[in-house]
Amino acid sequence: MSSRTSPISQPITIRRAVARDAKRLTRLVRGSGAYEGKYAAAVEGYRVGPDYIEAHRAFVAVGADEHERRVLGFYSLVLAPPELDLLFVADEAQGRGIGRLLVAHMQSEARAAGIDRVKVVSHLPAEDFYHRVGAVRTGTARANPPAVPWDRPEFEFRLASA
């Protein structure tokens with residue numbers, strides 16, 4: 001399908017998330033096709049609230065379209081201990097390099113904060129993505145029922161100094 005494989009064709013801006021983004025980010029998480037079927041329990045009732053946005057380094061990728069600036073994806077970097085807590089790209093925007101842009105931005109933010117390694121506990125369907133963007137597999141996070149009844153791959157981004 002060409003919409004999933006075409007490069008970014010519109011201007012993309014990555015900006016700091018603000019409280020008014022909370023509902024859109026929550027919808028993006030809950031509506032993710034990667035969390036359908038057996039994975040649905042992991043995001044059922046999940047909420048990205050204004051308090052979460054305030055507490056962490058959350059950034060959104062927005063694109064200009066005819067009607068408004070649309071959230072195409074977002075990530076959240078926790079500084080202590082360093083972890084990429086959330087990374088989502090809207091289903092219709094996947095395959096266009098937005099996830100790669102968000103990862104590069106996260107790495108830049110981490111370096112600026114003096115961090116040289118960032119942990120990621122990956123969702124199983126995202127494992128290949130993390131390999132492609134340079135994360136190194138470091139282990140396995142054990143199941144945490146009832147919301148996450150399966151083991152998940154752990155990765156680490158090893159960041160070179162700028």
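- P145 and A143 make their closest contact through CD-C, 3.5 Å (heavy atoms, listed as atom of the first residue, atom of the second, distance).
- V121 and F129 are assigned to two separate hydrophobic clusters, defined by single-linkage of ILVMFWY side chains at heavy-atom distances under 4.5 Å.
- Atom-to-atom distance recorded for I98:CD1 and I12:CD1 is 4.5 Å, nearest 0.5 angstrom.
- Hydrophobic cluster membership for V43: L25, L28, V29, Y35, Y39, Y46, V48, Y52, I53, V60, V62, V71, F74, L86, F88, L124, V148, W150 (Ile, Leu, Val, Met, Phe, Trp, Tyr linked by side-chain heavy atoms under 4.5 Å, directly or transitively).
- Of all heavy-atom pairs spanning A110 and L159, the tightest one is CB-CD1, 3.5 Å.
- D21 and R16 make their closest contact through OD2-O, 4.4 Å (heavy atoms, listed as atom of the first residue, atom of the second, distance).
- A donor-acceptor contact shorter than 3.5 Å is absent between the side chain of H105 and the backbone of I14.
- L79 and F155 fall within a single hydrophobic cluster, where Ile, Leu, Val, Met, Phe, Trp and Tyr side chains are chained together by heavy-atom contacts under 4.5 Å.
- If you chain together hydrophobic residues whose side chains sit under 4.5 Å apart, M106 and V78 never meet in one group.
- Separation of atoms CG (L72) and OG1 (T13) is listed at 10.0 Å; rounding is to 0.5 Å.
- Under the 4.5 Å side-chain heavy-atom criterion for grouping Ile, Leu, Val, Met, Phe, Trp and Tyr, I115 is connected to V133 within one hydrophobic cluster.
- T138 has its side chain within reach of R158: a pair of non-hydrogen atoms, C-beta onward, lies under 4.5 Å apart.
- Between the E54 side chain and the A19 main chain, no donor and acceptor come within less than 3.5 Å of each other.
- Evaluation of the side chain to side chain donor-acceptor pair (under 3.5 Å) rule for S108 yields no partner, not counting sequence neighbours.
- For the pairing with P153, the side-chain contact (heavy atoms from CB on, under 4.5 Å) check across H123, H131, R137 returns one residue only, R137.
- Smallest separation of non-hydrogen atoms from A34 and P125: O-CG, 4.1 Å.
- The shortest heavy-atom contact between R96 and A93 is NH2-CA, 3.3 Å.
- With rounding to the nearest 0.5 Å, the separation of CZ in F59 from CZ in R15 is 11.0 Å.
- Residues K119 and E156 form no side-chain contact, since every pair of their non-hydrogen atoms from C-beta on lies 4.5 Å or further apart.
- At distances below 3.5 Å, not a single donor-acceptor pair connects side-chain atoms of D85 with backbone N or O atoms of L77.
- Heavy atoms only, all atoms of each residue included: D91 and G33 are closest at OD2-N, 2.8 Å.
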